[in-house]
**Student:** 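The structure that follows is given in the form of structure tokens.
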Amino acid sequence: MTTLAQEPPYESHEPSDEPWGGPEGYATHDVTNQPPPLAPYDASDDTALLEGVRREGAGWAEDGLRRLGRRAGSAEAQEWGDLANQHEPVLRTHDRYGNRVDEVEYHPSWHHLMRVAVGEGLAGAPWTDDRHGAHVARTAGGLVWGHTEAGHGCPTSMTYAAVPALRAQPELAKVYEPLLTSREYEPGLRTPTDKRGLLAGMGMTEKQGGSDVRTNTTTATATAEPGVYTLRGHKWFTSAPMCDVFLVLAQAAGGLSCFLVPRVLPDGTRNTFRIQRLKDKLGNRSNASSEPEFDGTVAWLVGPEGQGVKTIIEMVNCTRLDCVMASATLMRKTLVEAGHHVRHRSAFGARLVDQPLMRNVLADLALESEAATTLTLRLAGAADRAVRGDEGEAAFRRIATAVGKYWVTKRGPAFTAEALECLGGNGYVEESGMPRHYREAPLLSIWEGSGNVNALDVLRALGRSPASAHALFEELALAGGADARLDAAVTRLRAGLGEASETGARRLVELMALTLQASLLVRHAPPAVADAFCASRLGGDWGHAFGTLPDTAGLDGILARALPGED
């Protein structure tokens, strides 16, 4: 990616009489047939996104979304994303005098990204916004601002998700919620109530259990002060350790419970939060993920003892939505990169974008991207309406968020690999930015429960909440009769519910996801998009890789919608 300090490499220079080829020093080094830098561009220039925002009740946010899109696609913001990943967080366990400090240092670009994200309301702000569609607007902002880079979305997501969980303990919420919902980003460890804004993290998994949090061995011992405990244990994945407060699961006398752990105590002293190491991760390199050790760590009980999972489940619902959002963002970002490249690159006598097979690949990717974006915004709309007391939307959200989390995040790695391949060898080079996106994609299927965990959660929702299944089929019925392939798939889905098993959970959830996406596109997308999606994803007229749409697919219409400005 071009940095602000670099001269664009595609610009020509005046001929030189110097024998070595002028100031470049090489007579053979004229650069041709390479695309110009993508930035600046408008990351909000996405028809499916803008239509979904209006449809889900956040049309009032469109002007701000477009402004944020231009900023996300600016050369400056794109460089922030590059630099935050080139200069990774550094753990400092001790200061120069030997005092334990357990601090993580970030590059200034990380702080620039965070300041914009928090200031734009992408953390806790929607919880204090009374406008209908506030949570949709926040999700749409993530779909746009995520074009910069993905790692800093972790602390904003956890902060957003922490608020409803914290409300299980009103006296704590009264103190911390105004700061968690603030639009002020104030890094650095200080007394929480002395800051203008806070960030929250979570500490759930442990090395012996992973997603099986009920096997956690961290213990919580009650003190003489009501509601105050001390923790002892070792967490396995605790991301963004420089957050101000954390929601942590630990075993109390009454069973697995949820606790609030501040990094700095009310009296200004450091709480015991020993960071043993930072994880050396495949991707998400800008974001530190740590293993903290608790030993006499002071914590406040959130919700009743023994109800830790129930207390924190609302947080999980929120972060799962953000996993869907982040996957959809990666799809859109890499599609934009691929589309830009093929417009400016020629091979075998024609621009890549004009070659039929490349158009098939791009159109297939565009279908997947639009389906992911449309589903993301539908889930955000359900979340927004559920918060306002809509029981039907709450039931739909319960099952559809897990369905979306399973499927959209599963599609991400294959999608980013295909988009990278559109750039050929150039896409395999780090400076293109595509390898970073490719490494990021698998995380979103793992975070907040791997594929198996989410598929089994769908089965549990079907068994424990008949209203969820009813809500799903009510949603599908809104497109009933519009496409015979969709109708047949819904019939297969109904039959499959009667035979649901753990062994076949993935197969069942995949069909749920595809029928849900197809129903949304049939209702809201142009006929070319809906027909091609139903023909390929439901009708079987598709291969095993992207770029295998049928010859009858309306590629021109699909691409004109997905890549505005194509000529």
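This one's a predicted model, so the numbers in the text were calculated from it and none came from an experiment. The basis for the numbers below is simple: all heavy atoms, side chains too, and nothing from hydrogens, waters or symmetry mates. Quick note: residue numbers are just sequence positions, from 1.
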**Student:** Less than 4.0 Å between a side-chain N and a carboxylate O, is that true for Glu448 and Lys405?
**Tutor:**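 Judged by the 4.0 Å cut-off on N to carboxylate O distance, Lys405 and Glu448 do not form a salt bridge.
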**Student:** Could you tell me whether Glu56 and Arg385 make a salt bridge, using a distance below 4.0 angstrom between a side-chain N and a carboxylate O?
**Tutor:** yes
**Student:** For Arg398, which residues count as a side-chain contact (heavy atoms from CB on, under 4.5 Å) partner, sequence neighbours excluded?
**Tutor:**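 Partners of Arg398 by the side-chain contact (heavy atoms from CB on, under 4.5 Å) criterion, ordered by chain and then number, come out as Asp457, Ala461, Ser468.
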**Student:** Locate the shortest heavy-atom distance separating Gly151 from Asn284; write the atom from each residue and the value.
**Tutor:** CA-ND2, 3.4 Å
**Student:** Got a donor-acceptor contact below 3.5 angstrom from the His87 side chain to the Pro108 backbone?
**Tutor:** no
**Student:** Check Asp531 with Arg485, please: is the shortest side-chain N to carboxylate O separation under 4.0 Å?
**Tutor:** yes
**Student:** Starting at OG of Ser289, measure out to CZ of Phe237 and round the result to the nearest 0.5 Å.
**Tutor:**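 Answer for the OG-CZ pair, Ser289 versus Phe237, is 6.5 Å.
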**Student:** Within this structure, what is the CG-OH distance for the pair Leu113 and Tyr106, rounded to the nearest 0.5 Å?
**Tutor:**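 One finds 12.5 Å between CG of Leu113 and OH of Tyr106.
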**Student:** Which distance, rounded to the nearest 0.5 Å, do you find between the CG of Leu486 and the CG of Leu476?
**Tutor:** 7.0 Å
**Student:** So, Arg138 side chain and Leu122 main chain: donor-acceptor pair closer than 3.5 Å or not?
**Tutor:**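 Checked: pair present.
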**Student:** Does Leu549 reach the side chain of Phe533, with side-chain heavy atoms less than 4.5 Å apart?
**Tutor:** no
**Student:** Can a donor-acceptor pair be found between the side chains of His152 and Trp145 at a distance below 3.5 Å?
**Tutor:** yes
**Student:** Nearest 0.5 Å, please: how far is CG in Leu508 from OG1 in Thr503?
**Tutor:** 12.5 Å
**Student:** Does Arg332 make a cation-pi contact with Phe415 (under 6.0 Å, within 45 degrees of the axis)?
**Tutor:**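 Negative - Arg332 is either too far from the ring of Phe415 or too far off its axis.
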**Student:** Which distance, rounded to the nearest 0.5 Å, do you find between the OG1 of Thr373 and the CG of Leu49?
**Tutor:**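 Rounded to the nearest 0.5 Å, the OG1-CG separation comes to 6.5 Å.
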**Student:** Does the pair Glu475/Arg378 count as a salt bridge with the N-to-O cut at 4.0 Å?
**Tutor:**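 Yes, this pair counts.
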**Student:** Are Glu393 and Arg397 within salt-bridge range, i.e. N to O under 4.0 Å?
**Tutor:**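 No, Glu393 and Arg397 are not salt-bridged.
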**Student:** Any sub-3.5 Å donor-acceptor pair from Asp384's side-chain atoms to Gly133's backbone N or O?
**Tutor:** yes
**Student:** Do other residues, nucleotides or ligands put more than 12 heavy atoms under 6.0 Å from the CZ atom of Arg523?
**Tutor:**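 Result for CZ/Arg523: enclosed.
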**Student:** When you look at Ser346 and Leu352, which way does the side chain to side chain contact (heavy atoms under 4.5 Å, CB included) test go after all the steps?
**Tutor:** CA-CA 5 Å; Ser346 297; Leu352 291 177; over 6 Å; no
**Student:** Indicate yes or no: does Glu368 engage Arg537 in a salt bridge with an N to O separation below 4.0 Å.
**Tutor:**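 Yes, charged N to carboxylate O under 4.0 Å.
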**Student:** If we ignore hydrogens and angles and just use 3.5 Å, is the side chain of Ser157 paired with the main-chain N or O of Cys154 as donor and acceptor?
**Tutor:**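 No; judged by distance alone, with no hydrogens or angles, the pair does not exist.
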**Student:** Got a salt bridge between Asp556 and Arg561, using NZ or NE/NH1/NH2 to carboxylate O under 4.0 Å?
**Tutor:**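 Salt bridge absent between Asp556 and Arg561.
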**Student:** Got Val529 and Pro526 here, is their nearest side-chain heavy-atom distance under 4.5 Å?
**Tutor:**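 Touching, per the 4.5 Å side-chain cut-off.
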**Student:** Are the side chains of Arg411 and Met331 in contact, using a 4.5 Å heavy-atom criterion?
**Tutor:** yes
**Student:** Just wondering, do Asn287 and Ser239 contact through their side chains at under 4.5 Å, heavy atoms?
**Tutor:** yes
**Student:** Are Arg506 and Tyr406 in a cation-pi setup, meaning NZ or CZ lies under 6.0 angstrom from the ring centre and within 45 degrees of the ring axis?
**Tutor:**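 No, cation not above the ring by the 6.0 Å, 45° rule.
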**Student:** Would you mind reporting whether Phe396 and Leu472 have side-chain heavy atoms less than 4.5 Å apart?
**Tutor:** yes
**Student:** Working note: Ile446 + Thr409, criterion side chain to side chain contact (heavy atoms under 4.5 Å, CB included); need CA distance, chi angles, decisive distance, verdict.
**Tutor:** CA-CA 9 Å; Ile446 296 169; Thr409 63; over 6 Å; no
**Student:** Write down the atom of Val53, the atom of Leu377, and the distance for their closest heavy-atom approach.
**Tutor:** N-CD1, 3.9 Å
**Student:** Quick check against the 3.5 Å criterion: does Trp60 have a side-chain atom that pairs as donor or acceptor with the backbone of His132?
**Tutor:** yes
**Student:** Is any side-chain heavy atom of Gln34 closer than 4.5 Å to one of Asn426?
**Tutor:**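 They are in side-chain contact.
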**Student:** Report yes if the side chains of Val118 and Leu199 come closer than 4.5 Å at any heavy-atom pair, otherwise no.
**Tutor:** yes
**Student:** Distance alone, cut at 3.5 Å: any donor-acceptor contact between the side chains of Trp542 and Asp364?
**Tutor:** yes
**Student:** Can you list the steps and then say if Ser286 with Glu149 is a side-chain hydrogen bond (donor to acceptor under 3.5 Å, both in side chains)?
**Tutor:** CA-CA 9 Å; Ser286 69; Glu149 72 95 39; 2.7 Å; yes
**Student:** Testing the basics here: between Val144 and Ala72, what is the closest heavy-atom pair and its distance to 0.1 Å?
**Tutor:** O-CB, 3.6 Å
**Student:** Quick one: closest heavy-atom pair of Ala380 and Thr139, and the distance?
**Tutor:**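 In terms of heavy atoms, the two residues are closest at CB-OG1, 3.5 Å.
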**Student:** Is the backbone N or O of Gly81 less than 3.5 Å from a side-chain atom of Asn85, with the two atoms forming a donor-acceptor pair by type?
**Tutor:**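 Yes, because the side chain of Asn85 sits within donor-acceptor range (under 3.5 Å) of the backbone of Gly81.
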**Student:** Which atom names give the shortest non-hydrogen contact between Leu555 and Pro356, and what distance separates them?
**Tutor:** CD1-O, 4.4 Å
**Student:** Please report the shortest heavy-atom distance between Asn454 and Gly449, naming the atom on each side.
**Tutor:**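 Residues Asn454 and Gly449, closest heavy atoms: ND2-O, 2.7 Å.
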**Student:** Does any N or O in the side chain of Glu440 come within less than 3.5 Å of the main-chain N or O of Leu330, such that one atom is a donor and the other an acceptor?
**Tutor:** no
**Student:** Show your reasoning for whether side chain to side chain contact (heavy atoms under 4.5 Å, CB included) applies to Arg320 and Leu379.
**Tutor:** CA-CA 10 Å; Arg320 282 183 175 176; Leu379 296 176; over 6 Å; no
**Student:** Judged by atom type as modelled, is there a donor-acceptor pair below 3.5 Å linking the side chain of Ser445 to the main-chain atoms of Pro442?
**Tutor:** no
**Student:** Step through the shown structure and confirm whether more than 12 heavy atoms of other residues, nucleotides or ligands are within 6.0 Å of CG on Asn33.
**Tutor:**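 More than 12 within 6.0 Å, yes.
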**Student:** Closer than 3.5 angstrom, by distance alone: can the side chain of Asp322 be matched with the main-chain N or O of Met325 as a donor-acceptor pair?
**Tutor:**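 Answer holds: no.
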**Student:** With the threshold set at 4.0 Å, does a side-chain nitrogen-carboxylate oxygen contact exist between Arg439 and Glu430?
**Tutor:** yes
**Student:** Using 4.0 Å as the upper bound for N to carboxylate O, is an ion pair formed by Arg67 and Glu120?
**Tutor:** yes
**Student:** Is it true that the side chains of His340 and Tyr41 contain a donor and an acceptor less than 3.5 Å apart?
**Tutor:** no
**Student:** Given 3.5 Å as the limit, does a donor-acceptor pair link the side chain of Ser369 with the main chain of Ala366, or not?
**Tutor:**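 Not at all, since once roles are kept as given, no pair shorter than 3.5 Å links the two residues.
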**Student:** When you check the side-chain N and O atoms of Ser44 and Asp42, is any donor under 3.5 Å from an acceptor?
**Tutor:**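 Looking only at side-chain atoms, Asp42 and Ser44 do form a donor-acceptor pair, the distance falling under 3.5 Å.
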**Student:** If you round to the nearest 0.5 Å, how far is CG of Asp487 from CZ of Arg492?
**Tutor:** 11.0 Å
**Student:** Side-chain contact, heavy-atom cut-off 4.5 Å: Trp80 with Val116?
**Tutor:** yes
**Student:** Does atom CD of Glu421 have more than 12 heavy-atom neighbours from other groups under 6.0 Å away?
**Tutor:** no
**Student:** Any luck finding a side-chain donor-acceptor pair between Ser290 and Lys279 under 3.5 Å?
**Tutor:** no
**Student:** Does a side-chain N-to-carboxylate-O contact under 4.0 Å join Asp63 and Arg66?
**Tutor:** no
**Student:** Under the side chain to side chain contact (heavy atoms under 4.5 Å, CB included) criterion, do His344 and Arg351 qualify, and how do the steps go?
**Tutor:** CA-CA 7 Å; His344 295 90; Arg351 290 190 310 165; over 6 Å; no
